[in-house]
K.L.:
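Can you read through this structure? Questions will come right after.
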Amino acid sequence: MSQVRVRFAPSPTGFFHIGSARTALFNWLYARHTGGVFILRIEDTDKERNTEAFLNVIYNSLTWLGLNWDEGPKAGGQFGPYRQSERTSIYREYLEKLKAGGRTYEKDGAVYFKISGEPQVIDDAIRGRVERTEEKDFVIVRSDGSPVFHLVNVVDDITMQITHVIRGEDHLSNTSKHTELFRAFGAPLPVYAHIPLILKQNGPGKMSKRDQGALIEEYEQRGYLPEALVNFLCLLGWSPKDDSEKMPLAEIIRRFDLPGVNQTNARFDEKKLAHMNMVYLLEQPADRFVALARDYLKRKNTFAAGWPEDAYFRDVMLLSQPKVKSIEELPAYTAYFFTEDFAVDPKARDKVMGKGDPKARLRELADALKTADFSSDAALEQAVHAQVAAHGVGLGDYIHPGRLAISGTSVGPSFYGLLRVLGRERVLRRIERLLAT
RNA sequence: GUCCCCAUCGUCUAGCCCGGUUAGGACACCACCCUUUCACGGUGAGAACCGGGGUUCGAAUCCCCGUGGGGACGCCA
């Protein structure tokens with residue numbers, strides 16, 4: 001069998017959204033699975049609505065997701081150009097074929113395609129046999145001379161030798177128009193595979209670019225991991241048929257196939273995506289996590305007053321990595337590491353300072369920390385434990401007021417890690433400050 | 001309205017093709033355990049075969065009809 005050639009053909013008329021990304025992903029996965037070719041083609045025949053900025057959104061999002069294209073803009077290829085706005089002579093040539101065959105007529109300045117009216121049957125790789133009869137002639141060239149989607153889509157698929165058309169189910173009823181054209185050109189039909197749509201998570205209808213969580217760029221900006229998004233996305237409408245969920249990309253590629261794609265629309269669930277992202281985040285190597293955190297905090301302008309020292313920043317982030325579910329939690333979670341002017345949670349304060357004699361305990365804790373070895377968590381733990389033994393109190397009698405004093409909250413990373421990273425000076429100063437109130 | 005597609009927990013899904021399962025997993029939610037924080041993790045609970053007819057000894061599974069959901073009906077793509 002000849003090599004699989006699939007294409008992703010977005011129109012740069014809006015932002016790149018989750019449905020487009022999933023379509024791109026399925027095409028890419030199928031190409032990689034079969035050792036085929038993944039082609040990026042830009043469908044920019046509607047001059048009114050296209051902008052260069054939107055084009056870059058497509059390139060950036062695909063690149064961020066890791067969906068590299070073998071042929072297309074920037075990549076080149078022997079079937080180019082890959083932007084429809086640059087292929088007008090090809091469309092003119094194919095239009096002539098239709099004219100010569102007597103399959104067109106002009107009305108009000110637009111060129112119409114004369115349908116055959118025969119039932120159009122496809123053997124969809126996902127849906128099986130689908131039959132639909134096209135009932136009306138349709139416009140293939142606008143009165144301003146520009147070719148319409150249906151024409152260019154088919155001509156490009158023919159000339160680029162596309163073997164499999166993997167696209168959203170919203171195109172299923174367009175398919176009869178397309179097969180009419182393929183037949184009029186005397187070209188063999190590609191294999192069609194209409195994948196289910198992604199429905200918005202609240203309310204009726206398919207996900208649109210205006211819906212919450214729809215834009216790919218947003219995930220990049222929120223510090224999501226592209227591999228987590230890819231893993232989540234591949235499970236929307238496809239299943240490996242066992243209980244596997246988190247899978248390395250190589251495994252997804254190996255297992256992905258068209259018969260495994262569902263026929264049912266899937267509702268987008270941001271909670272599950274967030275969970276997938278957390279699982280990936282937890283296992284990130286230190287350098288990657290720190291880089292992600294740095295990019296995010298930089299974007300959030302967290303350190304307007306000046307960027308903290310690299311080593312310190314790294315310590316803070318790595319201390320927090322096992323505790324946060326997303327990069328987005330980091331600014332609030334780590335705020336007190338970077339300023340003395342942090343808020344004290346009144347609820348935590350009431351709870352911690354309301355019973356026993358916490359101030360006496362804080363004094364004892366401070367005494368122990370004055371001479372403690374701050375070079376490791378274990379050494380700090382040992383120092384605190386020794387003080388616990390010396391005064392016959394509970395460990396919690398030190399940890400809870402201590403945490404409140406140095407972080408202003410009752411939640412946070414490991415207490416000893418907290419002490420170590422903050423350092424003796426800051427810790428003692430903060431304890432004294434609370435003692436003074 | 002016409003045409004096309006679809007139908008298992010709240011959500012993503014396995015099981016359906018090749019009828020016999022305590023209908024499985026994950027997210028979310030709840031409880032408990034772990035941890036003297038929080039999160040992670042662990043254990044457990046609740047939670048589904050859209051309805052009606054057939055076929056069959058037996059139907060989530062096959063067939064039909066409803067109903068529901070989705071999509072398409074542009075000189076948008």
Side-chain angles (χ1 to χ4, degrees), chain A residues 9-14 20 42-46 48-50 84 107-112 120 122 124 126-128 130-136 138-150 152-153 167-177 194 196-202 204-206 232-233 235-246 259-260 262-276 278-279 281-283 320-326 329 333 348 351-352 388 394-400 402-404 407 409-415 418:
Chain A
S11 173
T13 55
S20 305
I42 304 297
E43 308 222 334
D44 56 352
T45 56
D46 184 359
E48 302 274 306
R49 291 170 45 183
N50 287 294
Q84 290 180 335
K107 194 169 110 187
D108 302 333
V111 179
Y112 280 73
Q120 301 296 307
I122 59 165
D124 193 279
I126 293 164
R127 276 147 221 288
V130 179
E131 176 181 328
R132 186 172 184 277
T133 305
E134 198 57 37
E135 284 168 359
K136 285 196 316 211
F138 54 92
V139 172
I140 51 176
V141 180
R142 300 184 186 90
S143 44
D144 71 359
S146 62
V148 168
F149 164 71
H150 301 299
V152 298
N153 187 273
R167 44 147 64 148
E169 202 231 59
D170 49 345
H171 284 290
L172 191 53
S173 10
N174 285 329
T175 306
S176 47
K177 286 188 179 69
H194 286 94
L197 301 182
I198 299 178
L199 269 26
K200 61 179 79 187
Q201 66 179 339
N202 300 307
K206 64 173 173 171
F232 168 79
L233 241 26
L235 259 14
L236 232 46
W238 172 76
S239 161
K241 303 299 178 196
D242 59 15
D243 293 336
S244 309
E245 293 213 327
K246 180 171 180 292
N262 297 322
Q263 307 183 330
T264 324
N265 292 164
R267 202 169 285 277
F268 176 72
D269 181 0
E270 64 179 345
K271 292 242 181 76
K272 190 150 185 171
L273 205 205
H275 177 263
M276 184 67 81
M278 178 202 72
V279 173
L281 205 53
L282 232 30
E283 65 172 31
S320 308
Q321 181 179 11
K323 299 290 190 167
V324 297
K325 295 172 141 183
S326 73
E329 292 176 17
Y333 198 81
K351 191 180 164 197
V352 172
V388 164
L395 182 58
D397 295 329
Y398 290 149
I399 288 186
H400 299 309
R403 182 185 292 283
L404 182 77
S407 72
T409 172
S410 59
V411 306
S414 129
F415 184 62
L418 196 54

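Here the structure is a predicted model, which is why all the values come from computation and not from measurement. Below, chains carry the letters A, B, ... as their sequence lines are ordered, and counting in each starts from 1.
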K.L.:
Taking only residues two or more places apart in sequence, or in another chain, which ones meet P147(A) in a side-chain contact (heavy atoms from CB on, under 4.5 Å)?
P.N.:
Y91(A), L151(A), V152(A)
K.L.:
Report the nucleotide, chosen from rA77(B), rU13(B), rC27(B), that has the shortest atom-to-atom distance to any side-chain atom of A266(A).
P.N.:
rU13(B)
K.L.:
Distance-only, no hydrogens or angles: does the N262(A) side chain make a donor-acceptor pair with backbone N or O of T264(A) under 3.5 Å?
P.N.:
no
K.L.:
With sequence neighbours excluded, tell me which residues meet side-chain contact (heavy atoms from CB on, under 4.5 Å) with A110(A).
P.N.:
Y112(A), V139(A)
K.L.:
Taking only N/O atoms, report every protein-nucleotides 40-47 of chain B pair under 3.5 Å with atom names and distance.
P.N.:
from: rC40(B); atom 1: OP1; to: K325(A); atom 2: NZ; distance (Å): 3.4

K.L.:
Could E169(A) and R127(A) be called an ion pair, given the rule that one side-chain N must be under 4.0 Å from one carboxylate O?
P.N.:
yes
K.L.:
Below 3.5 Å is the cut-off: list the nitrogen or oxygen pairs between protein and nucleotides 17-19 of chain B, distance only.
P.N.:
none

K.L.:
In whole angstrom, give the distance that lies between atom CD of E134(A) and atom C1' of rA72(B).
P.N.:
10 Å
K.L.:
Taking the P atom in each of rU8(B) and rC50(B), what is the distance between them to the nearest angstrom?
P.N.:
6 Å
K.L.:
Do any N or O atoms from the side chain of Q263(A) and from the backbone of I126(A) form a donor-acceptor pair under 3.5 angstrom?
P.N.:
yes
K.L.:
Can you tell me the pairing partner of rC62(B) across any strand shown, Watson-Crick or G-U wobble, with both distances under 3.5 angstrom?
P.N.:
rG54(B)
K.L.:
Atom CD of Q263(A) and atom C1' of rU13(B): how far apart are they, to the nearest Å?
P.N.:
14 Å
K.L.:
Under 4.0 Å, heavy atoms only, any strand: does S410(A) hit a base, just the sugar-phosphate, or nothing?
P.N.:
base
K.L.:
Touch check for G237(A), heavy atoms < 4.0 angstrom, all strands: base, sugar-phosphate only, or nothing?
P.N.:
sugar-phosphate
K.L.:
Could you work out which one of rG71(B), rA14(B), rA77(B) sits closest to the side chain of K206(A)?
P.N.:
rG71(B)
K.L.:
Could E134(A) and R132(A) be called an ion pair, given the rule that one side-chain N must be under 4.0 Å from one carboxylate O?
P.N.:
yes
K.L.:
F149(A) vs H171(A) aromatic rings, parallel, tilted or perpendicular, using cut-offs 30° and 60°?
P.N.:
tilted
K.L.:
Which nucleotide, rC38(B), rA28(B), rA77(B), lies nearest any side-chain atom of E43(A)?
P.N.:
rA77(B)
K.L.:
When both hydrogen-bonding distances must be under 3.5 Å and the geometry is Watson-Crick or G-U wobble, what is rA7(B) paired with, if anything?
P.N.:
rU67(B)
K.L.:
Assign K323(A) to base, sugar-phosphate, or nothing according to its heavy-atom contacts below 4.0 angstrom with the strands shown.
P.N.:
base
K.L.:
Please report, rounded to the nearest Å, how far the C1' atom of rA14(B) is from the CH2 atom of W238(A).
P.N.:
13 Å
K.L.:
Answer with base, sugar-phosphate or nothing: what part of the nucleic acid does T133(A) contact at a heavy-atom distance below 4.0 Å?
P.N.:
nothing
K.L.:
Base, sugar-phosphate or nothing for A110(A)? Non-hydrogen atoms, less than 4.0 Å.
P.N.:
base
K.L.:
Output a table of nitrogen or oxygen pairs between the protein and nucleotides 64-69 of chain B separated by less than 3.5 Å.
P.N.:
none

K.L.:
Could you check whether Q201(A) gets within reach of a base, just the sugar-phosphate, or nothing at all, counting any heavy atom under 4.0 Å?
P.N.:
nothing
K.L.:
Please give the distance between the C1' atoms of rA48(B) and rG24(B) as a whole number of Å.
P.N.:
12 Å
K.L.:
Quick one: which of rC75(B), rG71(B), rC12(B) gets closest to the side chain of L197(A)?
P.N.:
rG71(B)
K.L.:
Ion pair present between E283(A) and K246(A), side-chain N to carboxylate O less than 4.0 angstrom?
P.N.:
yes
K.L.:
Could you state the atom-to-atom distance from CG of N174(A) to P of rC75(B) in whole Å?
P.N.:
12 Å
K.L.:
Please determine, for the side chain of E245(A), which listed nucleotide (rC5(B), rC12(B), rU13(B)) has the closest atom?
P.N.:
rC12(B)
K.L.:
Y398(A): which residues meet the ring-ring contact (aromatic ring centres under 6.0 Å, His included) condition with it, sequence neighbours left out?
P.N.:
none
K.L.:
Answer with base, sugar-phosphate or nothing: what part of the nucleic acid does S143(A) contact at a heavy-atom distance below 4.0 Å?
P.N.:
base
K.L.:
Test the K177(A)-F138(A) pair against the cation-pi criterion, namely NZ or CZ under 6.0 angstrom from the six-membered ring centroid and within 45° of the ring axis.
P.N.:
yes
K.L.:
Identify which nucleotide among rC4(B), rG25(B), rC38(B) has an atom closest to any side-chain atom of K272(A), counting heavy atoms from C-beta outward.
P.N.:
rG25(B)
K.L.:
Would you mind classifying the nucleic acid contact of N262(A) as base, sugar-phosphate or nothing, using non-hydrogen atoms under 4.0 angstrom?
P.N.:
sugar-phosphate
K.L.:
Does any nucleotide pair with rC73(B) by Watson-Crick or G-U wobble geometry, both distances under 3.5 Å, and what is it?
P.N.:
rG1(B)
K.L.:
Please determine, for the side chain of D170(A), which listed nucleotide (rC12(B), rA72(B), rG74(B)) has the closest atom?
P.N.:
rA72(B)
K.L.:
In whole angstrom, what separates H171(A)'s NE2 from rC3(B)'s P?
P.N.:
23 Å
K.L.:
With rounding to whole Å, what would you report as the distance between rG52(B) and rG15(B) at their P atoms?
P.N.:
25 Å
K.L.:
Without decimals, in angstroms, what is the distance between L404(A) CG and rC38(B) P?
P.N.:
15 Å
K.L.:
Using the side-chain heavy atoms of L395(A), tell me which of these nucleotides is nearest: rG71(B), rU36(B), rC4(B).
P.N.:
rU36(B)
